[in-house]
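Below: the structure, in structure tokens.
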Amino acid sequence: MEKTYRIEGLDCANCARKMEEALNALDGIASAKVNFLLQKVILQYDADDEKEVIKQVKKTCRKIEPDCELIG
């Protein structure tokens, strides 16, 4: 499944790069692309574990950028 989420509170391109690397390392994520300019993240993941995957994505994003919020 591929889904796009808007990211609020993403303040720098370096944080976006770190976020993309961390998301791609998560179990259940096939691909993650973070676009700093558009303030979006495109995720490809297994739809069977959607709730758990999104929970981990949000947790990971907040570790890098504490004020960040995924909206989708």
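Below, all heavy atoms of this structure are taken into account, side chains as well, without hydrogens, waters or symmetry copies.
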- Note on the structure: Residues Phe36 and Ala16: closest non-hydrogen pair is CB-CB, 3.9 Å
- Are Leu37 and Met19 linked, directly or through other ILVMFWY residues, by side chains that come within less than 4.5 angstrom of each other? yes
- Beyond-backbone contact of Asp49 with Asp27, side-chain heavy atoms, under 4.5 angstrom: no
- About how many Å separate NZ of Lys55 and NZ of Lys59, when rounded to the nearest 0.5 Å? 7.5 Å
- Residues that, via side-chain heavy atoms closer than 4.5 angstrom, fall in one hydrophobic cluster with Leu38: none
- Query: Got a sec, which pairs hit salt bridge (Lys or Arg N to Asp or Glu O under 4.0 Å) with one end in residues 4-23, sequence neighbours left out?
  - Reply: Arg6-Glu8, Arg17-Glu21
- Message: Checking Glu52 now: which residues fulfil salt bridge (Lys or Arg N to Asp or Glu O under 4.0 Å) with it, not counting sequence neighbours?
- Response: none
- With the side chain counted from C-beta on, respond yes when Ile7 and Cys61 share a heavy-atom pair under 4.5 Å apart, and no when they do not. no
- Pairwise distance NZ(Lys33) to OG1(Thr4) - rounded to 0.5 angstrom: 10.5 Å
- Task: Measure the CG-CD distance between Asn14 and Glu65 for me, rounded to the nearest 0.5 Å.
- Result: 10.5 Å
- Query: Are Leu43 and Ile54 side-chain neighbours, meaning at least one heavy-atom pair lies under 4.5 Å?
  - Reply: yes
- Message: I'd like to check Glu69 versus Arg62 (side-chain heavy atoms, cut-off strictly below 4.5 Å). Are they in contact?
- Response: yes
- Query: How many angstroms lie between atom OG1 of Thr60 and atom CG of Leu70, to the nearest 0.5 angstrom?
  - Reply: 10.5 Å
- Would you call Val53 and Asp46 a side-chain contact if the rule is heavy atoms closer than 4.5 Å? no
- Task: Kindly compute the distance separating CD (Gln39) from CG (Leu10), expressed to the nearest 0.5 Å.
- Result: 5.0 Å
